[in-house]
Amino acid sequence: MYAEGWRQRIELNAAVEAFREARSKPHADPIVTVAVRSDGSVEGITFDRPSGSPELDEAIRRIVILLAPYGAFPPELASEYDVIEIRRVWTFETALRLFAGGR
């Protein structure tokens with residue numbers, strides 16, 4: 001549930017304009033892992049598969065940081081984890097979409 005809320009926040013609040021120029025260049029859909037601390041702050045951002053466009057990757061990094069902090073973990077999640085990693089495939093069409101995915 002927490003990861004789903006995180007995804008929705010990114011998709012609903014990311015300014016598509018931030019990606020417009022970068023996404024017009026050849027790129028792959030990047031796979032990005034974001035480590036979120038129990039207080040909702042970002043511990044790290046890892047590109048498991050970069051897009052091939054440094055501008056697009058930097059735009060993703062900026063969006064993740066700008067939208068932080070995210071919600072604090074619910075008590076049941078916080079009692080078990082200090083940090084969780086959320087891995088998603090980022091796609092850019094008419095809107096930003098994040099899909100669960102791996103390598």
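One is the number of the first residue; the rest follow in order along the sequence. Only heavy atoms go into these numbers, but all of them, side chains included; no hydrogens, no water, no symmetry mates.
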* To do: Specify the closest pair of heavy atoms between P50 and A28, including all atoms of both residues, with the distance to one decimal.
  => O-CB, 4.5 Å
* **Heavy-atom check, side chain of I10 versus side chain of W90, under 4.5 Å** => yes
* Given side-chain contact (heavy atoms from CB on, under 4.5 Å), test I60 with F47 step by step and report yes or no. => CA-CA 10 Å; I60 291 169; F47 285 80; 4.0 Å; yes
* Asked: Got R9 and L67 here, is their nearest side-chain heavy-atom distance under 4.5 Å?
  -> yes
* Asked: Closest approach of D48 and V32, non-hydrogen atoms and distance?
  -> OD2-C, 3.9 Å
* Is there a donor in the side chain of D29 and an acceptor in the side chain of T91, or the other way round, less than 3.5 Å apart? -> no
* Considering all heavy atoms, the nearest A68-V42 contact -> CB-CG2, 3.8 Å
* Structure fact -> Only one of V83, D39, V36 passes side-chain contact (heavy atoms from CB on, under 4.5 Å) with F73, and that residue is V36
* To do: Hey, could you give me the CG/CD1 distance between L98 and I31, rounded to the nearest 0.5 Å?
  => 12.5 Å
* **side chain to side chain donor-acceptor pair (under 3.5 Å) partners of residues 71-86, not counting sequence neighbours, each pair once** => none
* Mind checking the NE2-CG spacing from H27 to D57? Nearest 0.5 Å is all I need. => 10.0 Å
* Given side-chain contact (heavy atoms from CB on, under 4.5 Å), test E4 with M1 step by step and report yes or no. => CA-CA 5 Å; E4 178 62 17; M1 297 288 290; 5.7 Å; no
* Structure fact -> Residues at least two apart in sequence or cross-chain that pass side-chain contact (heavy atoms from CB on, under 4.5 Å) with P54, listed by chain then number, are none
* Decide yes or no on side-chain contact (heavy atoms from CB on, under 4.5 Å) for I65 and I63, but give the supporting numbers first. => CA-CA 5 Å; I65 297 300; I63 291 296; over 6 Å; no
* **Worked verdict on I86 versus R88 for side-chain contact (heavy atoms from CB on, under 4.5 Å)** => CA-CA 7 Å; I86 303 171; R88 293 289 183 267; 4.0 Å; yes
* Between P30 and S51, what is the shortest heavy-atom contact and its length? -> CB-N, 3.8 Å
* **Nearest atoms (heavy-atom pairs only) where S53 meets P26** => CB-O, 4.4 Å
* Parallel, tilted or perpendicular: which fits the ring planes of W6 and Y70, with parallel below 30° and perpendicular above 60°? -> tilted
* Structure fact -> Heavy-atom nearest pair, Y2 first then P74, reads CD1-CD, 4.0 Å
